Amino acid sequence: MIILRSIADTRAALDSWRRRGQTIALVPTMGYLHEGHMSLVDEAKKRADRVVVSIYVNPTQFGPNEDLDKYPRDFARDEACCRARGVDAIFYPDNAVMYCPDHSCWVTEESLSQTMCGAARPGHFRGVTTVVLKLFNITRCDVAIFGRKDAQQALIICRMVRDLNVPVEIVVAPLVREPDGLAMSSRNKYLSDDERRRALSIANGLNQATALFAGGQRQAAALCDLVKTGIANAGGNIDYVVVMDRDSLRPLATVDRPAVLAVAAFFGKTRLIDNVFLD
Ligand SMILES: Nc1ncnc2c1ncn2[C@@H]1O[C@H](COP(=O)(O)OP(=O)(O)OP(=O)(O)O)[C@@H](O)[C@H]1O
Ligand SMILES: CC(C)(CO)[C@@H](O)C(=O)[O-]
Ligand code: BAL
């Protein structure tokens with residue numbers, strides 16, 4: 001496994017694979033890897049000859065009062081995880097490699113990013129789409145794998161690729177949970193034992209809402225209320241609980257088409273997201 005720190009080295013290594021006719025899958029991450037990320041690596045291995053994991057905590061997707069500085073980082077551990085899982089290369093740039101001091105070009109998606117995390121974190125998706133397009137251009141990967149935990153992000157990246165004719169196939173892989181149901185996330189590390197226990201109310205609420213939906217409930221408000229009550233009773237601070245059309249991310253009053261029930265909530269200072277599909 002090779003560690004690539006510069007764009008020139010990355011291009012040279014990946015070009016040499018391409019010259020041998022090998023295809024390349026990219027798994028973009030912010031590091032502090034867990035089994036959710038590793039499931040994306042497994043998916044990548046099925047879809048290409050070579051797998052590159054990028055590890056970069058992208059400053060342009062964090063708001064001024066967010067957790068950029070304290071975001072968990074442990075490159076040695078990440079390197080060991082990737083090596084054990086058969087990753088071919090880690091692209092591990094620093095800020096000077098990724099952004100020129102006078103960087104002034106941005107990619108903005110102007111529809112899907114208006115709601116949910118886009119509304120709660122102004123500028124967040126502009127940072128995401130910009131850095132993801134840069135990662136695609138640097139690696140010229142054939143396929144890129146994203147997780148459904150960040151369902152809105154995945155949808156926005158698919159839209160960017162479609163609208164800007166980016167020659168990359170996007171694969172969205174399933175959400176991986178801890179044995180008790182909590183969605184895996186690097187930010188789970190911030191949770192105290194008590195917050196961790198109370199944060200389970202998110203997954204539990206989504207499970208209960210899924211069961212209610214399976215039993216015939218089609219009113220979005222009833223499904224959302226169930227989730228909100230569980231989180232509020234556990235002392236969580238709700239950012240949003242919404243039912244959205246799964247293609248347009250427009251709010252649904254009645255679930256009469258494929259939908260996503262999505263949550264963002266704080267436990268202590270930690271903001272967690274989770275979602276389930278309603279089919
Ligand atoms: N539990 C999970 N299941 C599936 N994919 C996941 C999971 N957690 C993260 N991913 C995916 O991994 C990729 C990198 O995400 P990222 O590095 O931000 O991890 P994260 O655990 O979501 O961190 P955080 O939410 O704390 O920022 C994204 O495509 C994301 O959707
Ligand atoms: C896609 C991504 C790596 C871009 O920084 C990030 O938003 C993430 O980890 O989901
Ligand atoms: N996985 C989303 C990255 C972020 O929260 O900034």
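Read the numbers this way: they start at 1 and go in the same order the structure lists the ligands and their atoms. A quick note: this is a predicted structure, and the numbers were derived from the prediction, not measured.
- Compare Phe62, Tyr71, Tyr56 by their heavy atoms: the one nearest to atom 23 (O) of ligand 1 is in Tyr71.
- In this structure, the ring of Tyr56 has its center no less than 6.0 angstrom from the ring center of Tyr92.
- With salt bridges taken as basic N to acidic carboxylate O contacts below 4.0 Å, one links Asp180 and Arg196.
- Scanning all protein heavy atoms for the shortest distance to atom 3 (C) of ligand 3 gives Gln61 NE2, 3.3 Å.
- Counting heavy atoms closer than 4.0 Å to ligand 1, residue Met184 contributes atoms from both its backbone and its side chain.
- Within ligand 3, counting atoms from 1 as listed, the ones closer than 4.0 Å to a heavy atom of Asp150 are 1 (N), 2 (C).
- Not a single heavy atom of Arg271 sits less than 4.0 Å from an atom of ligand 3.
- In terms of N/O distances under 3.5 Å, ligand 2 is approached by Gln153.
- Once rounded to the nearest 0.5 Å, the distance linking OG of Ser186 with NE2 of His37 reads 4.0 Å.
- The aromatic rings of Phe146 and Phe136 sit perpendicular, their planes meeting at an angle over 60°, well past the 30° parallel limit.
- Only side-chain heavy atoms of Leu40 come within less than 4.0 Å of ligand 1; its backbone N, CA, C and O stay farther off.
- Looking only at heavy atoms of the protein, atom 3 (N) of ligand 1 is closest to Val176 N, 2.8 Å.
- Some N or O of Ser185 is nearer than 3.5 Å to an N or O of ligand 1, by distance alone.
- Side-chain N/O atoms of Asn58 and Thr60 include a donor and acceptor closer than 3.5 Å.
- Annotation: atom 31 (O) of ligand 1 to nearest protein heavy atom, Asp150 OD1, 2.7 Å.
- By the 3.5 Å distance cut-off applied to N or O atoms, Gln61 is counted among the residues near ligand 2.
- Among the atoms of Ser39, none of the N or O lies under 3.5 angstrom from an N or O of ligand 1.
- With atom 27 (O) of ligand 1 as the reference point, the heavy atom nearest to it among Arg187, Lys189, Glu178, Gln61 is part of Arg187.
- Taking a cutoff of 4.0 Å between a charged side-chain nitrogen and a carboxylate oxygen, Asp15 and Arg140 qualify as a salt bridge.
- Below 4.0 Å from some heavy atom of Met30 lie the following atoms of ligand 3, by number and element: 3 (C), 4 (C), 6 (O).
- Counting heavy atoms under 4.0 Å from ligand 2, residue Ile157 does not touch it at all.
- The 12-atom threshold is not exceeded at CZ of Arg250, counting heavy atoms of other residues, nucleotides or ligands nearer than 6.0 Å.
- Comparing Ala173, Ala154, Pro174, Pro28 against atom 4 (C) of ligand 1, the shortest heavy-atom distance belongs to Pro174.
- The heavy atom nearest to atom 9 (C) of ligand 1, out of those in Arg271, His34, Glu35, is found in His34.
- Looking from atom 22 (O) of ligand 1 to the surrounding protein, the closest heavy atom is Lys149 NZ, 2.5 Å.
- Of the protein's heavy atoms, Gly147 CA, 3.4 Å lies nearest to atom 5 (N) of ligand 1.
- Between Lys149 and Asp274 there is no salt bridge, since no side-chain nitrogen of the basic residue lies less than 4.0 Å from a carboxylate oxygen of the acidic one.
- Residue contact check: Thr29 has heavy atoms under 4.0 Å from atoms 14 (C), 17 (O) of ligand 1.
- A salt bridge is absent between Asp193 and Arg197: the closest approach of a Lys/Arg side-chain nitrogen to an acidic carboxylate oxygen does not fall below 4.0 angstrom.
- Ligand 3 lies within reach of Arg187, whose nearest heavy atom is under 4.0 Å from it.
- Between Arg121 and ligand 3, at least one pair of N/O atoms sits closer than 3.5 Å.
- Taking every heavy atom of Val131 and a limit of under 4.0 angstrom, the matching atoms of ligand 2 come to 4 (C), 5 (O).
- The closest side-chain heavy-atom distance from Leu261 to Val241 is below 4.5 Å.
- Between the OH atom in Tyr32 and the CZ atom in Arg187 there is a gap of 13.5 Å [rounded to 0.5 Å].
- When only interatomic distances are considered, the shortest N/O to N/O separation between Met30 and ligand 1 falls below 3.5 Å.
- Here the CG atom belonging to Asp42 is positioned 10.5 Å from the CD1 atom belonging to Ile145, to the nearest 0.5 angstrom.
- The protein atom (non-hydrogen) at minimum distance from atom 16 (P) of ligand 1 is His37 NE2, 3.4 Å.
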